[in-house]
2 protein chains.
Amino acid sequence: MKKKKVSITDLAKELNVTPSTVSRALNGLGNISTKRKEQIVNLAQKYGYRPNHIAKSMVSNKTFNIGLILPEFTHNYFNNILAGIESITYQKGYQLLICTSDALKEKEEKSCMTLLDARVDGILAAAGNSSDNLDHFSKIIDYGTPLVLLDRICEDLNTSYVITNDFDGAFEAVQYLIDSGCHNIVHIKGPDYISTSFNRFLGYQQALKKNSLNYREELVIAGDSEFFLDDVNNILNTFPIDGFFAFSDYNAYEVVKVLKQRDCKIPEDISVIGYADEPLAQYISPQLSTVKQPAYEIGKRAAEILLKIIEENIEVPMTEQLKTSLVHRETTKNKFISI
Amino acid sequence: MKKKKVSITDLAKELNVTPSTVSRALNGLGNISTKRKEQIVNLAQKYGYRPNHIAKSMVSNKTFNIGLILPEFTHNYFNNILAGIESITYQKGYQLLICTSDALKEKEEKSCMTLLDARVDGILAAAGNSSDNLDHFSKIIDYGTPLVLLDRICEDLNTSYVITNDFDGAFEAVQYLIDSGCHNIVHIKGPDYISTSFNRFLGYQQALKKNSLNYREELVIAGDSEFFLDDVNNILNTFPIDGFFAFSDYNAYEVVKVLKQRDCKIPEDISVIGYADEPLAQYISPQLSTVKQPAYEIGKRAAEILLKIIEENIEVPMTEQLKTSLVHRETTKNKFISI
DNA sequence: AACTATTAGGCAAACGTTTGACTGGAATTT
DNA sequence: AAATTCCAGTCAAACGTTTGCCTAATAGTT
């Protein structure tokens, strides 16, 4: 049975003073004689008094809670983001209220309302893949609750963002493939309506163009297709492929498996680059070259920005772009040797 | 700037009724004429009225928040636990307040107080590795806040638990090694003061005993030793080792790497079994045989039990033990063929 | 028409805290 | 001695809800 905890009023009664006096004594504000203060503090200590945050929130209109909406927690990327966020919120004395959206718009909407109803001081969210309607996020903005969006830009939403430069990350990866001698590079792409995957796709195209290679639609495969493995095999049967740039490490891993089955030499015959630097990249063999996203940093910066907005009452949205970096492992050739 | 949201009192004023009437109308309780009710509901809708959970909590002494304390969120095991918990709390309308302890007693203690101060309805916690003092958890119990502990049993703490049978899991793994022809089995063990790793150690010993094999202290290596790799090599140089049973998949992975370096045939010469079924087990090559812990289930059951305690006001602690299962992959021989 | 029963809604306290305005008395100044 | 300043602490409202108790008015019964 939940016990009733001792309140300021209880302490006040016992000492025949008013709650306001106790409050002032405990908070070190207002005019209070030293002995009275001591007396109150001692009694509070004796009873193990703990201020009721709920009541505090009522009057201050501040909860010290931050809402967090992420698609899921089973992939490493989001966990590192979470860890990064937590590192900041913990230090600043905020608690995290978390919601998973499963990338479903419906759950995402519900989560927004829940967090708003909980009167969180701010919200951090990574939008799922539901393309169009972002009314629920506008609602947060309308309510005046600070909002920082992670990872994906949503054009219509005038709020703060922390993103990575997907275009550059992809460009760099493809440039690397080209520099190491690849000319027929397949792109495994993600859904177009997600800004991240679309930008990686653009980066791929731009890198080809910059190096006077033709962009060929036939060399692009959808990573979420149910015929993905067939598509990969078909393309290998049809074209003299020498490189893969995949939108995700998971897709890249699938490709590596197919290549191993076909007894291709990696990276001598065919190079592969993934995206995200999920842990599996280090565990598979050959170890996967990939574009590392600074997930922990993303979370950290997003939390920093959100708290800045909250605490300094900043109205103008800020966007911060963090840099990706290419991690060269065993599925790419050393470009300086093989040019 | 955070906007003031419309309150029940605002609605009441506009309609010249009292807040109580509005409250009753909105909650469907009490005596209210249909037209008045309609009128109030419509106005609430018009203004997008949303009840203030904080205020509700004040009067009901219930927050619909559950506190969660986990050591960290960068390992898969805890994320699956989190996902399992979330699946239940979401469905039942509770929010999760999360704290990481980094397995540090100090942070763990602070988290307990924070959650208690936040007046959560219950707490789920996986104790870190700080052996001794568990006063902070007793404090939760003393305050009468329902507590379910995950993963590790803490003898002195009379509360509810959801655990897995580490002893049996280890026993089964070692029995499997023996059945598939191993006689000189090394155990990579975890810290003694954690019940889970100690029980796995006991399971290892017991399995040897049951099969009339001598337990030899020389065949036990501490997985967290800084000389771990040296220890593995030494033991391989000194004894005719044919099997490894590791306290964790990470240690098992290290062992596999050493064995590959030494050109041992896995599993023909030496078998390896890990623990936990982390994703890496499937990604490394050869794929790692391991003892699978039902992390998602653990979280799910723990949340179910906690909510049951909260909602039905149950006083007597319950302990639930979930079953592990041996996953036979490529680092173990098929025992039926090789006996 | 007189009485009872029912209904719609108001009143006020409560949850625990903070905070601006106020007051009685002591201490200080003139 | 009178006037002023200061101090320690009280008062009461406020935050947004809920809820037991009460009352006025209406409806229903003889």
Undergrad: Within this structure, what is the CG-to-P distance between A/N31 and C/dA21, rounded to whole angstrom?
TA: 15 Å
Undergrad: Just how far, in rounded Å, is P of D/dG9 from CG of A/L26?
TA: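 Distance check: A/L26 CG to D/dG9 P gives 14 Å.
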Undergrad: NA contact type, B/R36, heavy-atom cut-off 4.0 Å: base, sugar-phosphate, or nothing?
TA: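 Sugar-phosphate: the residue B/R36, judged by heavy atoms under 4.0 Å, touches backbone atoms but no base.
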Undergrad: Would you say the side chain of B/R24 and the base of C/dG10 hold a donor-acceptor pair, judged only by whether the two atoms sit under 3.5 Å apart?
TA: yes
Undergrad: Whole Å only: how far is the CD atom of B/E38 from the P atom of C/dG9?
TA: 13 Å
Undergrad: Looking for any heavy atom pair under 4.0 Å, which part of the strands does A/K37 touch: base, sugar-phosphate only, or nothing?
TA: nothing
Undergrad: B/K56 has an atom NZ; how far is it from atom P of D/dT17, in whole Å?
TA: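 One finds 8 Å between P of D/dT17 and NZ of B/K56, rounded.
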Undergrad: Identify, between B/T9 and A/I32, the residue whose nearest nucleotide on DNA chain D lies closer to the 5' end.
TA: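 Nearest nucleotide further toward 5': that of A/I32.
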Undergrad: Please check: side-chain N/O of A/T100 versus main-chain N/O of A/L70, any donor-acceptor pairing under 3.5 Å?
TA: no
Undergrad: Without decimals, in angstroms, what is the distance between B/N52 CG and C/dC15 P?
TA: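 Taking CG of B/N52 and P of C/dC15, I get 18 Å after rounding.
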Undergrad: Heavy atoms under 4.0 Å, any strand shown: does B/S7 hit a base, just sugar-phosphate, or nothing?
TA: sugar-phosphate
Undergrad: Quick check: any donor-acceptor pair below 3.5 Å linking the side-chain of A/S20 to the base of D/dC11?
TA: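 When only heavy-atom distances are counted, A/S20 does reach the base of D/dC11 through a donor-acceptor pair under 3.5 Å.
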